[in-house]
There are 4 protein chains.
Amino acid sequence: MSRHTPHLADDSSRRMELVRAAARLFRDQGYERTTVRDLGNAVGLQSGSLFYHFRTKEEMLVAVMALGISSTTEQLEAALKAAKGARARLSALFHVHLNSLLGENQAALEVMLYEWHSLSDATRPGLIILRDRYEALWQQVLDEAAAEGLVKPDTHLLRRSLLGSLHWTVQWYKRDGELSVSELADRLLALALTA
Amino acid sequence: MSRHTPHLADDSSRRMELVRAAARLFRDQGYERTTVRDLGNAVGLQSGSLFYHFRTKEEMLVAVMALGISSTTEQLEAALKAAKGARARLSALFHVHLNSLLGENQAALEVMLYEWHSLSDATRPGLIILRDRYEALWQQVLDEAAAEGLVKPDTHLLRRSLLGSLHWTVQWYKRDGELSVSELADRLLALALTA
Amino acid sequence: MSRHTPHLADDSSRRMELVRAAARLFRDQGYERTTVRDLGNAVGLQSGSLFYHFRTKEEMLVAVMALGISSTTEQLEAALKAAKGARARLSALFHVHLNSLLGENQAALEVMLYEWHSLSDATRPGLIILRDRYEALWQQVLDEAAAEGLVKPDTHLLRRSLLGSLHWTVQWYKRDGELSVSELADRLLALALTA
Amino acid sequence: MSRHTPHLADDSSRRMELVRAAARLFRDQGYERTTVRDLGNAVGLQSGSLFYHFRTKEEMLVAVMALGISSTTEQLEAALKAAKGARARLSALFHVHLNSLLGENQAALEVMLYEWHSLSDATRPGLIILRDRYEALWQQVLDEAAAEGLVKPDTHLLRRSLLGSLHWTVQWYKRDGELSVSELADRLLALALTA
DNA sequence: CATGAATGAGCGTTCATTCAT
DNA sequence: GATGAATGAACGCTCATTCAT
């Protein structure tokens with residue numbers, strides 16, 4: 001594996017530090033408006049030095065997105081394994097998604113949602129695979145839940161509808177309000193239930 | 001005021017032509033990646049000539065967004081006026097929104113959804129007003145519908161959830177598929193109904 | 001005489017209005033930093049319309065300078081004709097120069113002093129002739145004054161020295177101070193006198 | 001601090017090279033008419049590379065002016081320290097000023113005199129301080145000279161008059177004429193002496 | 001590993017000037 | 001005489017990327 005690979009395996013601490021800083025900056029300022037000098041400053045490096053760790057700026061964007069979606073997928077897999085029954089698994093969908101999107105992985109996931117069109121055609125497919133893996137977990141659980149009558153049977157459209165709802169929270173949810181992330185997850189789940 | 005520019009008072013046809021071209025380009029390439037030379041080419045003008053019609057590139061972005069949200073709001077107002085009963089009005093919400101977002105105003109509305117952070121702090125408030133006017137219509141109709149038991153009573157969150165669902169269609173809906181926009185509106189509405 | 005000639009003869013009132021506005025703007029903002037739109041605004045014309053009155057922006061600069069130096073020369077000629085004796089004529093030099101430079105013709109003369117290098121090589125000679133005519137008057141009077149022992153005999157250098165002194169007043173003289181232009185002229189004259 | 005940059009602390013040789021080239025270009029063509037591409041050409045750099053050394057074009061203008069006035073002030077301080085007696089110090093004023101203005105620092109000082117209005121309001125004060133320091137030296141020496149009766153006692157106005165005379169030499173003095181700078185200094189001094 | 005300096009293409013914007021109406 | 005729209009070249013500046021040290 002070359003030392004320029006964007007995969008997660010050999011991520012030195014410097015690389016991870018950079019990815020995390022990039023996630024925050026890309027989210028706050030947008031990918032285009034974030035300069036490599038900004039990125040360098042954020043980790044105490046000259047802009048030229050970044051190119052030892054990443055071949056291009058876009059590679060940093062890809063790394064940010066991959067981190068966001070992968071770690072959320074891993075969390076969801078773990079939560080689903082632990083959950084007993086369709087109802088609990090359905091609940092896990094909402095809780096893991098919102099905890100990730102509105103919490104730890106917020107920056108990376110927002111970048112994933114809003115900088116999709118900053119990707120070149122060459123890099124998009126790799127991320128689509130990661131995204132599809134995540135959505136496949138959702139589909140499975142929704143199908144189970146529909147089989148038990150917990151949600152309406154139009155699960156394909158339901159998956160898209162729910163993911164749209166949850167993604168959108170990022171635009172209006174305020175951490176410092178009276179509504180906790182967990183309560184929000186419960187209330188959004190309630191809206192989706194048949195009864 | 002020319003008789004061909006019904007929406008915005010002094011918009012000459014050249015201005016409108018530019019706004020429409022800008023909507024398409026900003027949507028397809030992103031605001032930052034669209035150059036004023038691209039915009040000029042799209043309407044057969046030198047890049048410098050654009051600045052006779054708009055003071056800055058950002059002014060074009062604002063005009064695009066304002067056009068998208070204003071014309072959708074007008075269509076919704078007209079549809080609600082024509083609709084009899086809570087059920088019909090609820091349906092109008094879904095149909096107008098999707099017809100606009102996936103049809104005529106697609107480009108402008110997508111720009112509104114995805115280039116929000118390209119606005120400067122100075123221009124954002126004006127657009128927030130337009131957006132809030134549109135969402136207030138939604139809130140009214142949802143409250144009516146909840147009063148009649150058509151939807152669940154948590155209408156504040158419901159409004160946000162539904163708008164998130166509908167906005168997200170832009171990411172996956174394909175015009176050339178077997179699903180028409182009208183059918184999509186009906187099926188998404190069905191998911192939101194209590195029964 | 002073509003209607004685009006920069007000479008004074010056929011100056012319509014619009015032309016003169018423009019020249020005076022240009023003098024003020026060129027002085028306040030500099031020639032390069034003054035746009036033809038600024039000039040148009042100042043006289044209530046669109047920028048394109050200026051080019052009916054002047055072929056180029058530089059022609060306006062030339063007209064401003066020519067106005068400044070010509071009218072000062074005329075005033076000096078009149079004052080010298082009226083003055084009796086070398087001492088009175090010497091005094092007229094200082095008074096006319098400062099009244100013009102710090103008063104009515106201030107803007108035009110400052111432009112003459114400070115925008116010399118904004119002229120093209122083609123237009124400079126015409127203005128040099130006007131300037132030399134003015135300086136020749138100074139030389140005559142200084143020679144007379146030296147012959148009577150009023151000033152030192154090195155009149156060539158003296159002329160340059162004195163004109164430098166007087167030109168420089170524009171950089172520091174404040175109209176609203178306690179020193180009147182007339183007093184300033186007297187005191188500068190006193191510094192030049194042998195006794 | 002390199003041992004080759006005695007005047008301004010962190011001026012690398014590239015910076016100084018640029019300042020000197022800028023002085024010449026700003027003087028010959030004017031600040032506004034000199035493009036950053038001209039400046040780059042003059043030192044063998046791409047225009048964009050200039051902005052590694054200076055944040056803006058105006059910063060180069062300020063550096064040019066500061067260099068001109070600072071180095072002249074230093075020379076004058078040195079000459080005054082070496083001079084014995086009021087007469088010698090008075091002479092130093094003229095000789096140092098003209099040697100600087102018509103010699104080594106010509107370009108930078110001319111820029112200082114003629115591009116004052118190209119400075120923004122924010123940068124002007126810093127240079128006014130430097131200019132005032134220089135003029136304060138003049139005032140001291142003139143006061144001494146007046147006390148000994150060498151020059152007329154109206155020293156405040158005299159300072160301004162003399163500086164105007166000397167500044168103006170730049171407009172007419174030709175290096176290749178029969179008059180040397182040193183002779184010119186002596187003859188201008190002679191004009192200022194009471195006897 | 002990291003820096004400092006440079007590249008070079010491109011960016012949004014300006015502006016004197018032109019010209020059909 | 002004047003306008004409104006357009007031109008087109010140029011401008012100051014930005015920035016991802018390169019590379020010798």
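These numbers come from the heavy atoms of this one structure, side chains and all, not from hydrogens, waters or symmetry mates. Lettering of chains follows the sequences in order, A, B, ..., and the numbering in each one begins at 1.
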In this structure, how many angstroms lie between the [atom2] atom of [N] and the [atom1] atom of [X], rounded?
X	N	atom1	atom2	answer
B/Y52	E/dT13	OH	C1'	17 Å
B/L45	F/dG4	CG	C1'	13 Å
A/L39	E/dA2	CG	C1'	16 Å
D/M60	F/dC11	CE	C1'	13 Å
D/K57	F/dA10	NZ	P	15 Å
D/F51	E/dG4	CZ	C1'	18 Å
C/Q29	E/dC15	CD	C1'	14 Å
C/H53	F/dT3	NE2	C1'	12 Å

- Query: Want to settle it: does B/V36 or D/G48 sit nearer the 5' end of DNA chain E, counting the closest nucleotide to each?
  - Reply: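 With B/V36 and D/G48 compared, the 5'-side residue is D/G48.
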- Of D/S47 and B/S49, the one whose closest DNA chain E nucleotide lies more 5':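 Its nearest nucleotide being more 5', the pick is D/S47.
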- Task: Output, in order, the C-alpha distance, side-chain angles, deciding distance and verdict of side chain to side chain contact (heavy atoms under 4.5 Å, CB included) for B/M16 and B/L67.
- Result: CA-CA 9 Å; B/M16 274 305 268; B/L67 175 67; 4.0 Å; yes
- Query: Within the modelled atom types, does a donor on one side and an acceptor on the other bring the side chain of D/R37 and the base of F/dG12 under 3.5 Å apart?
  - Reply: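 When only heavy-atom distances are counted, D/R37 does reach the base of F/dG12 through a donor-acceptor pair under 3.5 Å.
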- Compare every heavy atom of D/M60 with every heavy atom of D/F26, then report the nearest pair and how far apart it is.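 Closest heavy-atom pair between D/F26 and D/M60: CE1-C, 4.2 Å.
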- Task: Quick one: label D/L50 by what it contacts on the DNA or RNA (base, sugar-phosphate, nothing), any heavy atom closer than 4.0 Å.
- Result: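 No contact at all - D/L50 keeps every heavy atom at 4.0 Å or more from the nucleic acid.
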- Below 4.0 angstrom from OP1 or OP2 of F/dA2, is there any side-chain N or O of C/R14?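 Yes, C/R14 has a side-chain N/O under 4.0 Å of OP1/OP2 on F/dA2.
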- Item | Pairwise C1' distance for E/dC1 and F/dT21, with rounding to whole Å |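 13 Å, rounded to whole Å.
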- Message: Checking base pairs now: Watson-Crick or wobble, both atom distances under 3.5 Å. What partners E/dG8?
- Response: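 By the stated definition (distances under 3.5 Å), F/dC15 pairs with E/dG8.
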- Pairing nucleotide - F/dA20, Watson-Crick or G-U, each distance under 3.5 Å: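 Result: E/dT3.
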- What's the verdict on side chain to side chain contact (heavy atoms under 4.5 Å, CB included) for D/M65 and D/L119, showing C-alpha distance, side-chain angles and the deciding distance? CA-CA 10 Å; D/M65 291 186 173; D/L119 293 169; 3.8 Å; yes
- Message: When you compare the side chain of D/Y31 with that of D/L25, does any pair of heavy atoms fall below 4.5 Å?
- Response: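 Not in contact.
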- Query: Nearest of F/dT3, F/dG8, E/dG12 to any side-chain atom of C/Q46?
  - Reply: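 Looking only at side-chain atoms, C/Q46 lies closest to F/dT3.
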- D/Y114 side chain to D/Q171 side chain, donor-acceptor N/O pair below 3.5 angstrom: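 Yes - a donor-acceptor pair under 3.5 Å links their side chains.
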